[in-house]
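As a basis for the values below, the full set of heavy atoms in this structure was taken, side chains included, without hydrogen atoms, waters or symmetry mates. Both counts, for ligands and for their atoms, begin at 1 and track the order of listing.
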Amino acid sequence: MHVMLGVSEYYPLVKVGGLGDFAGSYARCLARKGQRISVALPGYASLDRSRYPVEDTGIRLHVPISDREVSASVSRMRTGENLDIYLVEHAGYFDRPELFGNGDKPYPDNAERFLFFSRCILELLKELGDVDILHVNDWHTAIALFYLEEYYRKLNLLEHVRTVLTIHNLGYQGMFWHHDMHLLNVGWQYFTPDKLEFYNHINYLKSGIIYADAITTVSPTYAAEIQTPELGFGLDGVLRSRSENLSGILNGVDYREWNPWTDKCIPARFSPKRMNGKDKCKQALLAEMGLESDPDRPLITMVSRLADQKGMDLVLPVFDMIMDLDVQFLLLGSGKRELEDAFRSMEARYRGRAASWIGYDECVARRVYAGGDLFLMPSRYEPCGLSQLYAMKYGNVPVVRMTGGLRDTVTDLDEGPDRATGFGFEYYSPYMLYETIQNAVTVYREDRSSFNRIAVNAMEADFSWDRTVSEYLALYRRLRSQR
Ligand code: ADP
């Protein structure tokens with residue numbers, strides 16, 4: 001069986017969020033298990049080409065975009081046995097400073113860029129000839145499934161290929177106005193609600209949901225939530241209509257990449273049995289961020305995109321109350337301008353006790369995971385969430401809203417200190433967040449042995465891919481047997 005993963009980010013080559021982590025760790029885990037897997041990725045200018053040897057495959061792809069034919073060359077990175085990465089090279093689309101846009105403004109031609117990439121994936125399948133499963137991810141590649149069904153299969157091409165769409169975040173759908181229909185190079189008969197249309201817009205993700213043989217999302221709870229009007233972003237009805245083919249498979253972590261015993265970015269090593277290094281990491285982080293050192297103050301941390309999804313509107317209204325608990329606060333994040341400014345001003349108000357590192361940096365993120373005592377993730381919704389899993393591995397106790405993957409991965413103190421891995425709350429309100437932080441801070445100050453027990457439980461919780469990769473493999477096999 002040959003699986004092709006179509007995806008717009010891939011760690012460690014190029015990443016802006018959890019999707020990149022997913023692609024890199026999942027593909028490598030499959031390959032280690034002996035599964036043959038190829039990855040199709042845009043050949044971004046910012047991609048790290050020094051990781052693996054890159055070769056020109058000689059393959060040239062030609063796809064129609066509007067009334068033009070646009071061409072790409074294809075490079076290949078051979079990363080070792082079983083795993084090849086194909087880079088779709090087109091300087092006009094992919095030689096840009098960022099992947100998806102400038103700051104929080106998407107590039108105006110994203111409809112065209114990812115349409116092109118998606119169609120190139122199908123042409124690449126034709127060239128390779130032996131791919132059995134096409135596994136696409138999020139809106140960037142979902143539109144490929146529309147063409148597979150409505151174009152290639154009608155020409156008796158790629159008939160044996162079975163398809164999986166994984167939804168990593170339903171909040172991003174690749175919605176474009178109907179004036180972009182000409183780009184797709186198909187007639188208006190496809191601009192209907194059972195194909196491409198969503199309230200007078202083209203919706204790439206929706207087309208994938210309609211045409212995929214199987215749909216997965218990244219946690220069991222999120223799979224149920226997206227079928228409700230509250231968290232369905234208008235697509236709950238379409239998802240319910242496909243509920244028989246929809247399942248939730250929890251994302252995994254590659255603990256060879258995320259491990260405080262081996263991490264080269266952090267100043268001291270530690271593990272559940274040797275925790276001394278954790279305090280060194282905290283002290284070094286406080287110094288790095290210009291925060292005072294005080295062993296009695298818990299350090300509350302966040303590593304997050306600054307987006308509405310992440311629950312920043314719960315943190316800001318009670319920020320002063322949180323600081324009154326005599327804690328320290330550190331945020332690493334970037335995104336929405338207003339939120340960046342709001343956190344900058346918090347730093348100015350609580351100099352020495354609160355710091356905001358506005359930007360994106362993988363090594364700083366690892367030092368924050370390692371140095372923090374409490375890790376805040378009060379998401380409005382959370383498909384899986386990887387940050388809390390990394391925080392847990394680094395003994396940084398999560399304080400989360402019990403939604404989506406956060407519910408599936410964090411065990412609240414209500415279950416007792418022997419089982420708990422963090423602190424959770426249900427109702428989406430600033431006060432509930434505050435109360436939960438207050439409770440966590442009390443445990444930290446007054447019952448340090450229980451707090452340390454929770455931290456060790458979190459470090460020992462196993463969310464490796466080995467637990468769930470077999471669910472994807474079983475799904476692929478089932479689809480393959482149906483052809
Ligand atoms: P999402 O994909 O919704 O942003 P996840 O929790 O699934 O959320 O994944 C976020 C990933 O991005 C994690 O690897 C996290 O460490 C990383 N990340 C988020 N913000 C930053 C930042 N400012 N600097 C470095 N890494 C970040």
Side-chain angles (χ1 to χ4, degrees), residues 7-26 46 98-100 103-104 137-140 166-172 217-219 221-222 226 231 233 248-255 257-260 263 265-266 285 288-289 301-312 330-336 339-340 343-344 355-372 375-394 396 398-401 403-410 422 463 465:
V7 70
S8 59
E9 315 173 27
Y10 184 95
Y11 180 82
L13 301 179
V14 64
K15 157 182 163 182
V16 298
L19 178 59
D21 286 336
F22 160 84
S25 60
Y26 174 65
S46 55
E98 305 285 336
L99 308 196
F100 306 124
D104 54 359
N137 295 278
D138 278 354
W139 70 267
H140 318 91
T166 297
I167 299 171
H168 297 264
N169 192 333
L170 193 62
Y172 301 85
T217 186
V218 289
S219 70
T221 295
Y222 194 58
I226 56 178
L231 292 177
F233 284 95
I249 302 178
L250 197 66
N251 272 346
V253 174
D254 184 348
Y255 288 124
E257 291 281 343
W258 294 94
N259 186 338
D263 195 323
C265 290
I266 63 177
L285 181 67
E288 178 183 352
M289 298 294 168
T301 52
M302 297 186 84
V303 175
S304 183
R305 282 186 294 118
L306 295 180
D308 295 337
Q309 175 203 338
K310 299 295 181 179
M312 301 300 166
L330 169 61
L331 166 119
L332 165 64
S334 61
K336 211 170 163 180
L339 292 171
E340 292 184 351
F343 281 105
R344 275 199 193 96
S356 304
W357 203 104
I358 304 297
Y360 190 95
D361 189 295
E362 183 76 23
C363 259
V364 176
R366 288 163 181 269
R367 291 200 287 276
V368 177
Y369 290 129
F375 187 78
L376 280 199
M377 208 158 157
S379 305
R380 183 179 284 275
Y381 71 94
E382 194 58 69
C384 174
L386 290 168
S387 313
Q388 85 280 12
L389 301 181
Y390 302 149
M392 283 159 78
K393 183 68 183 176
Y394 286 65
N396 192 344
V399 175
V400 304
R401 171 144 183 273
T403 180
L406 294 171
R407 179 186 291 284
D408 293 342
T409 56
V410 176
F463 292 101
W465 267 115

*Backbone, side chain, both or neither: what part of D361 comes under 4.0 angstrom of ligand 1, heavy atoms only?*
backbone

*Under 3.5 Å, side chain of N251 to main-chain N/O of V218, donor-acceptor pair present?*
no

*Compare all side-chain heavy atoms of Y369 with those of I266 and state whether any distance is below 4.5 angstrom.*
no

*What do we get for C384 next to ligand 1 when only non-hydrogen atoms under 4.0 Å count, side chain, backbone, both or neither?*
neither

*N/O of G18 under 3.5 Å from N/O of ligand 1, yes or no?*
yes

*Just heavy atoms, cut-off under 4.0 Å: does Q388 contact ligand 1 by side chain, backbone, both, or neither?*
neither

_Any heavy-atom pair between the side chains of T409 and L250 that's under 4.5 Å?_
yes

*For L19, does its backbone N or O pair with a side-chain atom of E9 as donor and acceptor, under 3.5 Å?*
no

*Between F22 and C384, is any pair of side-chain heavy atoms under 4.5 Å apart?*
no

_Set of side chain to side chain donor-acceptor pair (under 3.5 Å) partners for D21, sequence neighbours left out_ = K15, Y390

*Identify the heavy atoms of N169 and R305 that sit nearest to each other, and give their distance.*
ND2-NH2, 3.8 Å

_Regarding ligand 1, does N169 bring an N or O atom to under 3.5 Å of one of the ligand's N or O atoms?_
no

*Which atoms of ligand 1 have any heavy atom of D21 under 4.0 Å away?*
11 (C), 13 (C), 14 (O)

_Using side-chain heavy atoms (C-beta onward) and a distance below 4.5 Å, is M312 in contact with M302?_
yes

*Starting from atom 23 (N) of ligand 1, find the nearest protein heavy-atom neighbour and note its residue, name and distance.*
G359 O, 2.8 Å

*So is H168 in contact with ligand 1, going by heavy-atom distances below 4.0 Å?*
no

_Residue and atom name of the nearest protein heavy atom (relative to atom 4 (O) of ligand 1), distance in Å to one decimal_ = R305 NE, 2.8 Å

_Heteroatom distance test (W258, ligand 1): nitrogen or oxygen, under 3.5 angstrom_ = no

*For G17, counting its heavy atoms only, list the atoms of ligand 1 lying under 4.0 Å from any of them.*
2 (O), 11 (C), 12 (O)

*Say whether Y369, considering both its backbone and side-chain N or O atoms, lies within less than 3.5 Å of an N or O atom on ligand 1.*
yes

*Quick check: does S334 get an N/O under 3.5 Å from an N/O on ligand 1?*
no

*asked:* Using a 4.0 Å cut-off to any heavy atom of L332, which atoms of ligand 1 qualify?
replied: 22 (C), 23 (N), 24 (N)

*N396-T301 side chain donor-acceptor pair, cut-off 3.5 Å*: yes

_Centroid-centroid under 6.0 Å between Y26 and W465 rings_ = yes

_Nitrogen or oxygen of Q309 less than 3.5 angstrom from that of ligand 1_ = no

*Check each atom of ligand 1 against the heavy atoms of G385 and keep those under 4.0 Å away; list them by number with element.*
6 (O), 7 (O)

*asked:* So if I count the atoms of ligand 1 from 1 in the order they appear, which ones are less than 4.0 Å from some heavy atom of G333?
replied: 23 (N)

*Charged N to carboxylate O under 4.0 angstrom, K336 versus D308?*
yes

*Nitrogen or oxygen atoms of A365 and ligand 1 under 3.5 Å apart*: no

*Assert yes or no for the condition that the ring centre distance of F233 to Y381 is strictly below 6.0 Å.*
yes

_Under 4.0 Å from a heavy atom of S387: which atoms of ligand 1 are those, numbered in the order shown and with their elements?_
5 (P), 6 (O), 9 (O), 10 (C), 13 (C), 15 (C)

*Could you go through the side chain to side chain donor-acceptor pair (under 3.5 Å) check for D263 and Y394 one step at a time?*
CA-CA 10 Å; D263 195 323; Y394 286 65; 2.5 Å; yes

_Quick check against the 3.5 Å criterion: does Q388 have a side-chain atom that pairs as donor or acceptor with the backbone of G385?_
yes

*Any idea which atoms of ligand 1 are less than 4.0 Å away from a heavy-atom of L386?*
5 (P), 6 (O), 7 (O)

_Please list, in number order, the atoms of ligand 1 under 4.0 Å from a heavy atom of K310._
1 (P), 3 (O), 4 (O), 8 (O)

*Decide whether an N or O pair under 3.5 Å exists between V303 and ligand 1.*
no

_Counting only heavy atoms, tell me which of Y11, Y360, Y172 gets closest to atom 22 (C) of ligand 1._
Y360

*Give yes if a backbone or side-chain nitrogen or oxygen of Y390 is under 3.5 Å from a nitrogen or oxygen of ligand 1, and no if not.*
no

